[in-house]
Protein chains: 2
Amino acid sequence: MAMLKGVRNVFNISPRFAAVYFKNVVRGLSSEPPLTSEQYPDLKRGPYSEVTNDDLAKFSSILDPHRVVQDPEEIAPRNMDWMKSLRGTSNVLLKPKTTQEISEILAYCNSRKIAVVPQSGNTGLVGGSMPVFDEVILSLGLMDNIISIDDISGILVCQAGCILEKLDQFLSERGFMMPLDLGAKGSCMIGGNIATNAGGLRLLRYGSLHGTVLGLEAVLPNGQIIDTLSTCRKDNTGYHLKHMFIGSEGTLGVITAASIMVPYLPRSINVALLGCQSFEDLQRIFKAAKSMLGEVLSAFEMMDYDSVKASEFIGLQNPIGENNFYALIETSGSDAAHDEEKLTALMEWLMNEDLVQDGTIATDKQKMTNIWAVRENIAAGLLEIGYVYKYDVSIPVPRLYEIVEDLRNKIGDKVITIVGYGHIGDGNLHLNIVTEEHDPKVHQLLEPYIFEWVRDCEGSISAEHGIGFKKTKYLHYSKSMECINIMKDLKKMFDPNGILNPYKVLPNK
Amino acid sequence: MAMLKGVRNVFNISPRFAAVYFKNVVRGLSSEPPLTSEQYPDLKRGPYSEVTNDDLAKFSSILDPHRVVQDPEEIAPRNMDWMKSLRGTSNVLLKPKTTQEISEILAYCNSRKIAVVPQSGNTGLVGGSMPVFDEVILSLGLMDNIISIDDISGILVCQAGCILEKLDQFLSERGFMMPLDLGAKGSCMIGGNIATNAGGLRLLRYGSLHGTVLGLEAVLPNGQIIDTLSTCRKDNTGYHLKHMFIGSEGTLGVITAASIMVPYLPRSINVALLGCQSFEDLQRIFKAAKSMLGEVLSAFEMMDYDSVKASEFIGLQNPIGENNFYALIETSGSDAAHDEEKLTALMEWLMNEDLVQDGTIATDKQKMTNIWAVRENIAAGLLEIGYVYKYDVSIPVPRLYEIVEDLRNKIGDKVITIVGYGHIGDGNLHLNIVTEEHDPKVHQLLEPYIFEWVRDCEGSISAEHGIGFKKTKYLHYSKSMECINIMKDLKKMFDPNGILNPYKVLPNK
């Protein structure tokens, strides 16, 4: 296996990577991917109507005409995912501003059997917000109003198109923060986060969106508006419908607004980056951190050697020496002295146990940001190196890294690198395999091999990215036929014409 | 309004209460309530088959014959709720031990259109686990196996019939605890807790069951077993079906097992009981506690004067002086010195601000238990005083106590007392009105008045108790017609014959 050993930064890389780097970055990896319909020739377009001039006139009567976009240049990036791996052929982009407009659009599209794909930040990794064929793109981007903030109880109500980072900034000025954080925060939108049940970096501490989302407003495919936008922390009145929409990836309804329980901004944050020799040591560090940091532990991320090298590849600096594994530990608390004392006690214990080779603790904001940047830019770094096969799996922690080593033994000689990083605190591994170019033979070696591996240890084939378009045929590795059948019945009940986000989540056969 | 002032304990009570006490406790409130069908004469029995000898033979072939109970004495307490307010006429009690047995029973009952009511601890307050007419009672009580505990990740897997307190004991021996705790813990079962989405005393810190339940096994009315018993902390593969069963009160399926994320047992626990003059002061104490205790705050309960008197009524001792309002504050943390320092700082601040009239801090277990007992026995104390009208509502915190005062002004002269207590940290008020005997005139003054009040301030008419049987006709105060219609469609999809827990959750019209 070609480890990234020696690839210190973009100015000091091995000849092989220099060649890849030159090809992809300097020359520009600007070429478009093949059309999705060409990549998946067996997939047939559903029996949906094509958009006519009458339809466009109707859309223009619901929205202002300038929010009914047909300009191919404006639509092009909406037809393509962030990874440039899929490309749809939509030629209509609708930009509603209100729930009522979305209701009218969907009711009309449903009556005309026009397929619609809701799209917010378009940062998904499984093609969930991509038009597969010529679906109308319903952008949530103009639905970006903050509706209210209750600064006694800490409850935010906002529209679906609010960008995660902007919400976090808005809240921080009021002493609160969002309960979730992810690398894509600068462009992902809260509606998309909820639709995919995004996990991210703060889940360890603040839990999943099923716990923090108090209420939702959503529009069903028939245009009906479902208002469960409660700001009550507790509400046991009938079936808990909001959960139907959380994680259903825009296939049952379009989320238009949410009420979210937001935690207090911690008074004290510390970030430590530690290097260690083995995954076994990393697990021991994790267990000690959980026990000794207790309620102030807010993140525990792991990266392997090659992951950190990938971030260095795009110019980011690893602040400690080279190590086989890295643990990024964050504490958030209400008392700086107490938190530091806990962290110091942990560090002393780890040193005494000889578990840590190298490390640094950051308390000032810039240094913390720099450490987090190394973790958050692994994905971007890998994309610069070559074609990336991305897997996002849940595996019981003791076996979390075994799959990386197993794959290195199996196909290490056929790829540039295989890296493992992620949220060890949640048993969530991001497994990435990089080749120079898309290689169907490697693809065949990876799938369904990885999914079988994950199923056999009772993991999940998609921990947080969702099923989207790319993984529908592998759903059965994590869901029984009984569950898939209930999902199909639910889809039929909510969307009898199947107009909303077709070809997603459910297997096509 | 007849405040409970002066009712120190059972040996020192006012003449009026002495009379009530004598009638109810000494003479014994042993009489059965009228049959539910007599109390609700407009409600008609559904078109279900009556159980025949052939049916009994079939049940005996699925279970052992001795687990098909027809003995009226054994069935009698299962026909009646904890509050002795409802009484069904079931004459068959089934006691399965396995999921497979439940599957076969439900499949058979579905084919024969025999109505079934699942019942676990029978501690609910809205009649959700009561037979209304002659439904077969399906007891979960023998399904009480602990299946596994992962003591690295803290994940418990157990059957639905495990008693909450026993689970907590089992976990405490392994360094963990249940993420929920309630007054009924000694008899309530985890399956029932999940079916009603029970909240309780630890919700403030550990969140709702939608966040802590990782997976469920459930049996659908047609006998199909749905296995989503994942132990992954993160799993975004398709619709999140488990949430359909959490809080649906046994109307969509019977929960048979659960996997639950359990927190570490805290190393340090402190409990403080504080007395203050007004609800405004109580809110300021709450805000200060959230801010100064931060991540170690694990409970914040409020009680008014009469609530504490009710506990005293059954012999419990209030460890501090008499106050208009009481705050029960609990901290749980990993470092005793840090937690005590935070709590001491809070106390000093509260004293300086003159917010607290009286108070005590407990660090030893017995004293903590005694303080919690005062809070946990309010409901039992009220039941000894007379007939209790119970309401469990979510209201924005600033207006939480207004409804108590409003009701006192409105009907205070017609009742023994009106008390307010509950989980102020969650905006959840337990509002209880006590009369000597059930009084239809008082009932009419309370309903729908309270529900309208709650709706008008955008609260929830049932914060944690659920809708069950008693509140179905008031569901629309917290749910739109669109939501109720979707609920009906879901019920139809999961239970086309309507055999599972009929007359519950959904309005009968």
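In the text below, chain A, chain B and the rest are named by the order of the sequence lines, each starting its count at 1. All values below come from the heavy atoms of this structure, side chains included, with hydrogens, waters and symmetry mates left out.
Ranked by heavy-atom pairs under 4.5 Å with chain B, the first of A:V397, A:D335, A:I246 is A:I246. Of all the listed residues (A:I486, A:D227, A:L475, A:I461), the one sharing the greatest number of non-hydrogen pairs under 4.5 Å with chain B is A:I486. Considering only heavy-atom pairs separated by less than 4.5 Å from chain B, the leading option among A:S462, A:S394, A:S208, A:G211 is A:S462. Among A:S480, A:C483, A:P398, the residue with the largest count of heavy-atom pairs under 4.5 Å with chain B is A:C483. Chain B forms the most heavy-atom pairs under 4.5 Å with one residue out of A:R205, A:K342, A:M244, and that residue is A:K342.
Listed for the A:E295 side chain is a donor-acceptor partner under 3.5 Å among the backbone atoms of B:S334.
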Inset, instruction - Before giving the answer on side-chain hydrogen bond (donor to acceptor under 3.5 Å, both in side chains), spell out for B:Y477 and A:T237 the whole-Å C-alpha distance, their side-chain angles and the decisive distance to 0.1 Å. - result: CA-CA 9 Å; B:Y477 284 99; A:T237 53; over 6 Å; no
Without placing hydrogens or testing angles, list every side-chain donor-acceptor pair under 3.5 Å for residues 216-224 of chain A, not counting sequence neighbours.
unit_1: A:E217; atom_1: OE1; unit_2: A:T99; atom_2: OG1; d: 2.6
unit_1: A:E217; atom_1: OE1; unit_2: A:T256; atom_2: OG1; d: 2.7
unit_1: A:N222; atom_1: OD1; unit_2: A:Q224; atom_2: N; d: 2.8

What donor-acceptor contacts under 3.5 angstrom involve side-chain atoms of residues 284-294 of chain B, with partners at least two apart or in another chain?
unit_1: B:R284; atom_1: NH2; unit_2: B:E353; atom_2: OE1; d: 2.9
unit_1: B:K290; atom_1: NZ; unit_2: A:I152; atom_2: O; d: 3.4
unit_1: B:S291; atom_1: OG; unit_2: A:R267; atom_2: NH2; d: 2.6

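Aromatic ring pairs are classed by plane angle as parallel below 30°, tilted from 30° to 60° and perpendicular above 60°; the pair A:H210 and B:H240 is tilted. Ring pair B:H338/A:H338 is parallel by interplanar angle, where below 30° counts as parallel and above 60° as perpendicular.
Rounded to the nearest 0.5 angstrom, B:I484 CD1 and A:Y239 OH are separated by 11.5 Å.
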